[in-house]
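Written below as structure tokens is the structure these notes are about.
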Amino acid sequence: PQEGATRKEKPETQKNGTKVVESKYSNGVIKAEVPYREGRKNGLSKSYDKKGKISLELPYVNDKREGQSRRFYEGGKQVYQTTEYKDDKMHGQQVKFRENGDRLSEARYENDYPCLDLIEYYKDNTLRKDFPKIVITPIDQLESRGAYHLDISMSEKVRKVKYYLGKLTKSGCLSGDSYHILQDEIRRVGRLSYNLPPGGFMMDELNIIAAVETVYGNTYITQRSYNLAIEY
């Protein structure tokens, strides 16, 4: 609980031994209700704002998030976001809604990692189709410095982006196996650098992945293959 908040245990009300632990704001309004069984979180945990309106419902099984959570707009009447969890990780669909109930976006996650096929809707419920693409710019400095660079950027200005080298999973998701490409955070440009001695030659088939933050706070995944051929 936050400073000034208190916790207490409700009387046992369920036959399976579940006890609900409350925390309260300093004004006495309930902040959260968390069900415990055998010393672990089990059941639907609920969080509230300072006016007592529901803000979050989050299911637990043995201290791990499991099932579909619901996050609400201020006032608690309209769902803002649903997220599916498996074994304490985002796994499945995350759907966001506008305050009028229309869908704002649909995203897929696998083991906490974002996947391809993000769907976003405009206010008139039409699909967004103009997502940015990866741009790869070769910079040949072999004669002067013995170096060859690939600068990686997006086809339009983006809020945030991270670049990776590697393959997506079979189901089209990022994973911990991808190599994070160093980048200029201000310019949103990543760089791969290669050094060759005179007479050197290099060929490789690269797969570049970009994880782009959209205006709706989603992560858009896109990728591009590139055939690297350098000769000094």
Side-chain angles (χ1 to χ4, degrees), residues 83-96 104-122 126-232:
T83 304
E84 295 177 3
Y85 289 93
K86 182 179 180 181
D87 197 26
D88 207 39
K89 296 180 180 179
M90 288 190 293
H91 194 92
Q93 290 291 318
Q94 183 182 80
V95 182
K96 294 181 180 179
L104 186 105
S105 63
E106 301 168 23
R108 183 167 58 94
Y109 284 83
E110 187 177 89
N111 296 317
D112 270 346
Y113 288 98
C115 306
L116 293 170
D117 306 322
L118 171 69
I119 297 173
E120 291 186 335
Y121 299 90
Y122 292 113
T126 58
L127 289 175
R128 178 186 176 186
K129 298 180 180 180
D130 58 341
F131 289 100
K133 297 177 176 59
I134 296 173
V135 177
I136 300 176
T137 305
I139 301 175
D140 188 343
Q141 296 180 335
L142 290 171
E143 291 295 334
S144 59
R145 300 182 181 180
Y148 190 94
H149 309 286
L150 294 178
D151 274 6
I152 305 161
S153 59
M154 302 305 297
S155 59
E156 59 187 72
K157 187 177 180 180
V158 296
R159 299 173 63 180
K160 291 182 181 180
V161 61
K162 290 184 178 179
Y163 301 106
Y164 300 89
L165 182 64
K167 299 287 187 181
L168 297 174
T169 65
K170 291 182 179 180
S171 54
C173 305
L174 269 180
S175 73
D177 295 332
S178 299
Y179 169 75
H180 185 209
I181 298 173
L182 295 178
Q183 66 187 68
D184 183 326
E185 298 292 348
I186 297 176
R187 295 172 53 232
R188 312 287 196 269
V189 176
R191 171 168 283 193
L192 291 171
S193 298
Y194 304 88
N195 297 95
L196 288 180
F201 179 75
M202 177 183 291
M203 289 187 67
D204 198 3
E205 184 177 344
L206 308 177
N207 192 67
I208 308 297
I209 303 166
V212 183
E213 182 181 316
T214 73
V215 294
Y216 295 153
N218 297 311
T219 301
Y220 171 67
I221 300 297
T222 185
Q223 59 183 338
R224 177 180 170 181
S225 60
Y226 185 85
N227 291 319
L228 179 70
I230 312 171
E231 184 175 6
Y232 186 3

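In this structure, S153 and R188 have side chains that are not in contact, with every pair of non-hydrogen atoms separated by 4.5 Å or more. The side-chain heavy atoms of N207 and L165, taken from C-beta on, include no pair separated by under 4.5 Å. Using a 4.5 Å heavy-atom threshold, the side chains of R128 and T214 count as touching. The side-chain heavy atoms of L104 and E120, taken from C-beta on, include no pair separated by under 4.5 Å. The shortest distance between side-chain heavy atoms of I119 and D117 does not fall below 4.5 Å. Contact of the I221 side chain with the Q223 side chain is not registered, since no non-hydrogen atoms from C-beta on lie closer than 4.5 Å.
Atoms OH and CG, on Y216 and L118 in that order, are 10.5 Å from each other to the nearest 0.5 Å. To the nearest 0.5 Å, atom NE2 of residue H91 and atom OH of residue Y109 are 13.5 Å apart. Interatomic distance, S171 OG to L116 CG, rounded to the nearest 0.5 Å: 9.0 Å. For the atom pair Q93 CD and C115 SG, the distance stands at 9.0 Å (nearest 0.5 Å). Interatomic distance, OH of Y113 versus NZ of K89, reported as 7.5 Å (0.5 Å rounding). Annotation: the span from Y194 atom OH to L142 atom CG amounts to 12.5 Å, rounded to 0.5 Å.
Here the closest heavy-atom approach between residue A147 and residue N195 is recorded as CB-ND2, 3.7 Å. Of all the heavy atoms in S178 and L174, the pair that sits closest is OG-CD2, 4.0 Å. A pairwise comparison of heavy atoms in D130 and E156 identifies O-OE1, 3.7 Å as the closest pair. Closest heavy-atom contact between P132 and V212: CG-CG1, 4.4 Å.
Not a single donor-acceptor pair under 3.5 Å links the side chain of R224 to the backbone N or O of K133. No donor-acceptor distance shorter than 3.5 angstrom exists from the side chain of D204 to the backbone of L206, with no hydrogens or angles considered. For the pair R187 (side chain) and D184 (backbone), a donor-acceptor distance under 3.5 Å is absent. In this structure, K86 contributes its side chain and G92 its backbone to no donor-acceptor pair below 3.5 Å. No donor-acceptor pair closer than 3.5 Å links the side chain of Y232 to the backbone N or O of G199. In this structure a side-chain-to-backbone donor-acceptor pair under 3.5 Å is missing from Q183 to V189. Judged by distance alone, with hydrogens and angles left aside, the side-chain atoms of R159 form a donor-acceptor pair with the main-chain N or O of V215 at under 3.5 Å.
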Walk me through it: do I181 and R191 pass the test side chain to side chain contact (heavy atoms under 4.5 Å, CB included)? CA-CA 7 Å; I181 298 173; R191 171 168 283 193; 5.7 Å; no
Please determine whether side chain to side chain contact (heavy atoms under 4.5 Å, CB included) holds for the pair D151 and I136, giving the CA-CA distance in whole Å, both sets of side-chain angles, and the decisive distance to 0.1 Å. CA-CA 6 Å; D151 274 6; I136 300 176; over 6 Å; no
With side chain to side chain contact (heavy atoms under 4.5 Å, CB included) as the test, would you mind laying out the steps for K162 and K160 before giving the verdict? CA-CA 7 Å; K162 290 184 178 179; K160 291 182 181 180; over 6 Å; no
Which is it for E205 and S225 under the side chain to side chain donor-acceptor pair (under 3.5 Å) test, yes or no, and what are the steps along the way? CA-CA 7 Å; E205 184 177 344; S225 60; 5.3 Å; no
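With 3.5 Å as the limit, one finds no donor-acceptor pair spanning the side chains of T219 and E213. Counted by atom type alone, N218 and S105 present one or more donor-acceptor pairs between their side chains at under 3.5 Å.
Of the candidates L150, V135, T222, I152, I208 forms a side chain to side chain contact (heavy atoms under 4.5 Å, CB included) with just one, namely I152.
For residues 148-183, every residue pair satisfying the ring pair (Phe, Tyr, Trp, His ring centres under 6.0 Å) rule, not counting sequence neighbours, is listed here: Y164-H180.
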